[in-house]
Amino acid sequence: MELSTALDSKGFYGQRTADHFGMEAGLLSEFRLDGQIGLAATRLSCGRRFRERTGPPPEESAFSILYQVEDLDDHACWRGGERQRSGTFLARSVNVVDLREGPQWQFKGRFEALQFYVPSDAVATIAAQHGGRVAASLRWEKDARDEVLWGLSHALLHASLSAGANQLLIDQIAISLLTHFAQAYGGLETDPSARFGQLAAWQLRRAREIMTMRLASNLTIAQVASECRLTPSHFARAFRQSTGVAPQRYLMQLRITEAKKHLSQQHLPLSDIALMCGFGDQSHFTRVFRQLTGTSPGAWRRNQKNLRISEGGYPPS
C-alpha cells in the first residue's frame with residue numbers, strides 16, 4: 001500500500017517526525033478538535049538495522065505514542081537524560097512519551113510502527129466532554145501490549161489507505177483513539193451521571209441536509225459538527241443517540257439509497273454510479289453495497305429488472 005506524501009511540518013508528526021528519526025513516513029490522518037490539531041497519525045518505516053540515539057525533539061505540550069506494527073530487535077528510550085527502558089519491542093507494544101520531558105530514542109532492527117501525536121489540550125477536551133479529568137501526563141506499562149489500539153490502528157490503516165476513503169469514518173476512529181488514550185493512558189474516570197442527549201431538531205435537520213447535499217464529497221465530522229455548533233466528539237455521540245447509527249454509517253446509507261436510484265437506469269455503468277455517489281471506485285462501491293444490502297450492485301439491478309418484468313412491466317431499453 002502506498003503512503004500519503006502530504007506530510008505536515010507542524011507539531012511532532014509527519015515529516016518532522018520522519019526527519020527526527022531518519023525514517024520514511026506517511027501521514028495517515030490529521031484530525032482537528034475545536035479548530036486545532038487533536039490527533040495526527042503517521043506511519044513510520046525504516047529498513048536500516050542500526051540508528052544512532054536521537055536528540056530530544058522541541059519541547060511542546062503534547063504526547064508521542066509509538067505503536068509497534070512489527071517486532072523490533074531493540075528499543076531504548078530516555079526521559080530527561082535518564083534511561084527508562086531498553087530491550088526487544090514486540091509487535092502491538094506501545095511507547096508513550098511526554099514531549100515536555102525531553103525524550104530520546106534509539107532503535108535497532110527493521111522498524112515498522114505507527115506514531116500518534118496527541119496534544120495535551122485534546123486529551124483534556126475529550127475528558128471534559130465525558131465529564132471527567134485525566135492525569136497530568138499519559139503513561140502506559142512498558143512491554144504491555146495494547147489490543148484495543150491494535151484494533152483501532154488497523155481500522156485507521158484500512159480506512160485511510162483504501163480507495164475512496166470515508167473521512168467521516170476516519171474522524172470517528174480518531175475520536176475513538178483519543179478517548180482510548182484518555183481512559184487507558186490518562187486514567188480518565190467518567191461521571192456516570194453525565195449523559196449526552198440527542199441533537200436538537202434543527203441540528204439533526206442541518207446534519208442531514210449537509211450529508212445529502214455533499215453526498216459525493218470528502219465530508220468530515222468536524223465540518224458537519226461545526227454547522228451544528230458542536231465539537232466533533234459531542235456531535236458524533238449525539239447523532240448516534242438521535243438516529244441509532246454513527247454519522248459515517250448514515251452517510252453510507254444515503255449513498256447506497258442514491259446509488260439504487262441510478263441502478264434503475266440500466267444504461268449507467270457501475271463505475272460511473274460509484275463516482276456519482278461518492279465512492280472511490282467500483283470495488284469500494286461494490287464492497288459497501290454488499291455490506292449494507294447483502295448483495296452486489298449488479299445482482300440488485302438484475303433482480304429489480306426481473307421484478308418489473310414479472311409485474312407486467314417492460315425492461316428499460
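Atom set for the values below is all heavy atoms of this structure, side chains included, hydrogens, waters and symmetry mates excluded.
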Could you tell me whether a side-chain N or O of [X] sits under 3.5 Å from a main-chain N or O of [Y], the two making a donor and an acceptor?
{"X": "D171", "Y": "T220", "value": "no"}
{"X": "Q115", "Y": "F12", "value": "yes"}
{"X": "Q265", "Y": "H262", "value": "no"}
{"X": "Q84", "Y": "E82", "value": "yes"}
{"X": "S93", "Y": "L90", "value": "yes"}
{"X": "Q167", "Y": "L219", "value": "no"}
{"X": "S160", "Y": "L156", "value": "yes"}
{"X": "D272", "Y": "L268", "value": "no"}
{"X": "S226", "Y": "Q223", "value": "no"}
{"X": "S45", "Y": "E24", "value": "no"}

Could you check K108 against L72 for side-chain contact (heavy atoms from CB on, under 4.5 Å), going step by step and ending with a plain yes or no? CA-CA 7 Å; K108 294 180 182 179; L72 181 64; 6.0 Å; no

Which pair of heavy atoms, one from [X] and one from [Y], lies closest together, and at what distance?
{"X": "Q68", "Y": "E112", "result": "NE2-O, 3.3 Å"}
{"X": "S296", "Y": "T286", "result": "CB-CG2, 4.5 Å"}
{"X": "M23", "Y": "C46", "result": "CG-CB, 3.6 Å"}
{"X": "R83", "Y": "A76", "result": "NH2-CB, 3.6 Å"}
{"X": "A62", "Y": "P119", "result": "CB-CA, 3.7 Å"}
{"X": "C77", "Y": "V97", "result": "SG-CG1, 3.8 Å"}

[Y] reachable from [X] in the ILVMFWY side-chain graph, under 4.5 Å edges:
{"X": "L169", "Y": "L161", "result": "yes"}
{"X": "L204", "Y": "I210", "result": "yes"}
{"X": "W78", "Y": "I65", "result": "no"}
{"X": "L275", "Y": "M252", "result": "no"}

Among L152, L149, T42, which residue meets the side-chain contact (heavy atoms from CB on, under 4.5 Å) test with F116?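 Of the listed residues L152, L149, T42, the side-chain contact (heavy atoms from CB on, under 4.5 Å) partner of F116 is L149.
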
Do [X] and [Y] come within less than 4.5 Å of each other through their side chains, counting heavy atoms only?
{"X": "R16", "Y": "D19", "answer": "no"}
{"X": "Y117", "Y": "T17", "answer": "no"}
{"X": "L215", "Y": "L251", "answer": "yes"}
{"X": "P297", "Y": "I273", "answer": "no"}
{"X": "Q248", "Y": "I170", "answer": "no"}
{"X": "H180", "Y": "S176", "answer": "no"}
{"X": "R51", "Y": "Q106", "answer": "no"}
{"X": "V94", "Y": "V96", "answer": "yes"}

Once rounded to the nearest 0.5 Å, what's the spacing between atom [atom1] of [X] and atom [atom2] of [Y]?
{"X": "R92", "Y": "D146", "atom1": "CZ", "atom2": "CG", "value": "10.5 Å"}
{"X": "M211", "Y": "S217", "atom1": "CE", "atom2": "OG", "value": "10.5 Å"}
{"X": "L177", "Y": "S29", "atom1": "CG", "atom2": "OG", "value": "7.5 Å"}
{"X": "Y67", "Y": "W140", "atom1": "OH", "atom2": "CH2", "value": "11.0 Å"}
{"X": "S153", "Y": "L28", "atom1": "OG", "atom2": "CG", "value": "9.5 Å"}
{"X": "I175", "Y": "L39", "atom1": "CD1", "atom2": "CG", "value": "10.5 Å"}

Is there a donor-acceptor contact under 3.5 Å linking the side chains of N95 and W105?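 Side-chain D/A pair, N95 to W105: present.
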
Less than 3.5 Å apart, any donor N or O on the side chain of Y13 or E30 sitting next to an acceptor on the other?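 There is such a pair between these side chains.
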
Which of parallel (below 30°), tilted (30 to 60°) and perpendicular (above 60°) describes F289 and F285?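 Perpendicular, since the angle between the ring planes exceeds 60°.
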
Is it the case that more than 12 heavy atoms not belonging to [X] sit under 6.0 Å from its [atom1] atom?
{"X": "K260", "atom1": "NZ", "value": "yes"}
{"X": "E147", "atom1": "CD", "value": "yes"}
{"X": "R229", "atom1": "CZ", "value": "no"}

Do the charged groups of [X] and [Y] touch, with an N to O distance under 4.0 Å?
{"X": "R100", "Y": "E60", "value": "no"}
{"X": "R139", "Y": "E101", "value": "yes"}
{"X": "E258", "Y": "R255", "value": "no"}

Would Y185 and V118 satisfy side-chain contact (heavy atoms from CB on, under 4.5 Å), going step by step from the backbone distance to the final call? CA-CA 12 Å; Y185 302 174; V118 183; over 6 Å; no

As a quick check of understanding, evaluate side-chain contact (heavy atoms from CB on, under 4.5 Å) for L114 and V69, giving each step before the final call. CA-CA 7 Å; L114 297 182; V69 175; 4.1 Å; yes

After noting the C-alpha distance and the side-chain angles of H284 and V288, does the key distance pass the side-chain contact (heavy atoms from CB on, under 4.5 Å) rule? CA-CA 6 Å; H284 182 216; V288 175; 3.7 Å; yes

Holding to salt bridge (charged side-chain N to carboxylate O under 4.0 Å, His left out), I want the full list of residues that pass it with D73, two or more places apart in sequence or in another chain.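 Salt bridge (charged side-chain N to carboxylate O under 4.0 Å, His left out) check on D73 returns R49.
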
List for me each residue that meets salt bridge (charged side-chain N to carboxylate O under 4.0 Å, His left out) alongside E59, sequence neighbours excluded, and say none if there are none.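 E59: no salt bridge (charged side-chain N to carboxylate O under 4.0 Å, His left out) contacts found.
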
Working for ring pair (Phe, Tyr, Trp, His ring centres under 6.0 Å), residues F107 and F89: CA-CA 9 Å; F107 309 112; F89 204 48; 8.2 Å; no

